[in-house]
Amino acid sequence: MNQLVYQYSDRSALLQKPKDFEEFLKLISDVGYEIKRGKNILLKGKGQKCFICLRSLNNGYSEEELRVVLAGTKERQPRK
């Protein structure tokens, strides 16, 4: 599974307009991603060997950036 799949999952979860970051993580979990919490949020899809750090996906995908978007204080800027 590559970064594009993660980004798609993030976007589809964001389109469901979760009320907060915890609900966002639940939506990601509901579609089959394992979530590991620590210093950073890590995700692992079914059949994937390694976790990937949420913030490593691209600009706009760090926990802090997603929290700001979900709080409604900043609009998500789609990639071109």
Side-chain angles (χ1 to χ4, degrees):
M1 203 172 295
N2 62 28
Q3 289 185 351
L4 292 175
V5 174
Y6 284 109
Q7 290 170 3
Y8 172 77
S9 297
D10 279 354
R11 287 185 188 126
S12 62
L14 287 171
L15 289 174
Q16 293 183 43
K17 305 217 187 250
K19 66 180 180 193
D20 57 25
F21 190 71
E22 294 306 315
E23 187 176 325
F24 169 75
L25 291 179
K26 183 182 179 326
L27 290 170
I28 292 292
S29 178
D30 289 349
V31 295
Y33 288 92
E34 186 177 344
I35 299 168
K36 190 184 265 188
R37 294 170 180 257
K39 182 179 177 182
N40 296 300
I41 302 288
L42 305 172
L43 303 174
K44 182 170 85 170
K46 292 178 184 174
Q48 191 173 2
K49 294 180 183 178
C50 299
F51 283 86
I52 187 167
C53 186
L54 189 63
R55 67 177 168 78
S56 72
L57 293 174
N58 274 331
N59 290 336
Y61 285 93
S62 71
E63 180 178 348
E64 298 79 24
E65 291 168 308
L66 288 170
R67 283 184 185 276
V68 170
V69 170
L70 292 169
T73 54
K74 182 179 177 185
E75 192 169 312
R76 177 86 175 97
Q77 298 298 319
R79 276 181 64 185
K80 294 179 180 182

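Just so we're clear, the structure is a prediction, and the values are computed from it rather than from any experiment.
- When all heavy atoms of F24 and P18 are compared, the pair lying nearest together is N-CB, 3.7 Å.
- The heavy-atom pair separating C53 from L42 by the smallest distance is CA-CD2, 3.5 Å.
- Evaluation of the side chain to side chain donor-acceptor pair (under 3.5 Å) rule for D20 yields no partner, not counting sequence neighbours.
- L27 contributes atom CG, which lies 9.5 Å from atom OG of S29 (distance to the nearest 0.5 angstrom).
- At least one side-chain heavy atom of I35 sits under 4.5 Å from a side-chain heavy atom of L43.
- Remark: E63 engages R67 in a side chain to side chain donor-acceptor pair (under 3.5 Å) (not counting sequence neighbours).
- Partners of K26 by side chain to side chain donor-acceptor pair (under 3.5 Å), not counting sequence neighbours, listed by chain and number: D30.
- L66 is not listed as a side-chain neighbour of I41, based on a closest heavy-atom distance of 4.5 Å or more.
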